[in-house]
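Protein chains get the first letters and strands the later ones, always in sequence-line order, with residue 1 at the start of each.
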2 protein chains.
Amino acid sequence: MKTYTISEVAKELDLTVYTLRYYDKEGLMPFVERTPNGNRLFKETDIGALKVIECLKSTGMPIKEIKTFIDWCSEGDSTLEQRYNMFIERKANVEAQMEELKKTMEIIQHKCSYYKTAMDAGTEDIHKEEKLAKM
Amino acid sequence: MKTYTISEVAKELDLTVYTLRYYDKEGLMPFVERTPNGNRLFKETDIGALKVIECLKSTGMPIKEIKTFIDWCSEGDSTLEQRYNMFIERKANVEAQMEELKKTMEIIQHKCSYYKTAMDAGTEDIHKEEKLAKM
DNA sequence: GTATTCCTTAGAGTTAACTCTAGGTCAAGC
DNA sequence: GCTTGACCTAGAGTTAACTCTAAGGAATAC
């Protein structure tokens, strides 16, 4: 079975070795085994698990909560419901973030055309009429 | 003309007065005037500007870069191009964030059905076959 | 056999963005 | 005229998530 060193995993996941050790310190990687002399030894499944961790992180989940999830995983089938509920919550959270981003995008696009017009006119005064524009 | 105190603005924008003072300290609100005894006096346009600041913040822009933008605004028409370019960059950035979120959402949804199946079966072993699942 | 290059740990330092405290001013209510 | 409450500042403290340093172990290169 193919295994990986910490720096190989860091490269693969676009993280630093510092970050990976930090995650380990925080209890996010209890599954990673060691060589006889103490070096971390990553399996494919470990990299898969780290990808799930990265996914949770990208939903804005703090590391402490990710640790709770990892702990649930170690506890086995008795925590299936908690884990399911967690992902349902994450889903709602991501949906809300998408909504937020859409609103942000609308404002940004408005500003893009605002500045295009101003730039073409050579002055922002072209937008004097607008109520709350100003910048 | 209607004006607002710092706590009214905080309430309106769902920020704390601490945060607003911090923004001011960082140079994000050079336009806010003061009463004779030194209290901040917010106009409607100031609230509009703060909404733009909040929008930029929600694109992930750090406060120092927002300050650069505010400085450009104070400099007038000579910075129109920089400001336009900045919003174009922000737009690309938000688009990338949306893409990221979509990918995240796909994984989350996969996990939701993974755990639904496992929960119904009473055990995660139902997914034994899967290559990189595990959690 | 020694230099290099990877790995290890504990713990200190950094950064951003707040968040709060202490000490003070000022206007309104009683 | 004094209390209350909202405002002010400077500066200290907090938190999360890294990020790095120091000191050392083990395998490989020459």
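The interatomic distance linking A:Asn39 (CG) with C:dT8 (C1') rounds to 7 Å, in whole Å. Summarising the geometry, the separation between CD on B:Glu33 and P on D:dC8 is reported as 14 Å, rounded to the nearest angstrom. The distance between atom CZ of A:Phe42 and atom C1' of C:dT8, rounded to the nearest whole Å, is 13 Å. Distance, B:Tyr4 OH to D:dC7 C1': 19 Å, rounded to whole Å. As rounded to whole Å, 17 Å separates atom P of D:dG5 from atom CD of B:Glu8. Protein atom CG of A:Asp24 is 11 Å distant from nucleotide atom C1' of C:dT9, rounded to whole Å. Rounding to whole angstrom units, CD1 of residue A:Ile6 and P of D:dG25 are separated by 19 Å. The CE-C1' distance, from B:Met29 to D:dC8, rounds to 13 Å in whole Å.
For B:Arg40 and D:dC8, the shortest distance from a side-chain N or O to OP1 or OP2 is below 4.0 Å. When the side-chain nitrogen and oxygen atoms of B:Thr5 are compared with OP1 and OP2 of D:dC7, one or more of them lie within a distance under 4.0 Å.
When hydrophobic residues (I, L, V, M, F, W, Y) are linked wherever their side-chain heavy atoms come within less than 4.5 Å, the members clustered with A:Val94 are A:Met98, A:Leu101, A:Met105, B:Val94, B:Met98, B:Leu101, B:Met105.
Comment: A:Glu124 engages B:Arg83 in a salt bridge, judged by a side-chain N to carboxylate O separation of less than 4.0 angstrom. At a threshold of 4.0 Å, the pair B:Glu99-B:Lys102 counts as salt-bridged, since one of the basic side-chain nitrogens sits closer than that to a carboxylate oxygen.
Results of the side-chain hydrogen bond (donor to acceptor under 3.5 Å, both in side chains) test with B:Asn93 over B:Gln97, B:Lys91, B:Glu95 single out B:Gln97 as the only residue that passes.
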* A:Lys43/A:Glu33 under side-chain contact (heavy atoms from CB on, under 4.5 Å): CA gap, chis, key distance, verdict -> CA-CA 9 Å; A:Lys43 294 174 253 77; A:Glu33 290 174 18; 3.8 Å; yes

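Here the side chain of A:Asn37 is nearest to one of D:dA26, C:dT8, D:dT9, namely D:dA26.
Contacts of A:Thr35 with the nucleic acid, taken as non-hydrogen atoms under 4.0 Å apart, are absent. When heavy atoms are screened at a 4.0 angstrom cut-off, A:Arg21 is found touching base atoms of the nucleic acid.
If you take CZ on B:Arg21 and OH on B:Tyr18, they are separated by 7.5 Å, rounding to the nearest 0.5 Å. Between the CG atom in A:Leu13 and the CG atom in A:Leu50 there is a gap of 5.5 Å [rounded to 0.5 Å].
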Protein N or O to nucleotides 15-19 of chain C N or O, pairs below 3.5 Å:
unit_1: C:dA17; atom_1: OP2; unit_2: B:Ile63; atom_2: N; d: 3.3
unit_1: C:dC18; atom_1: OP2; unit_2: B:Tyr23; atom_2: OH; d: 3.0

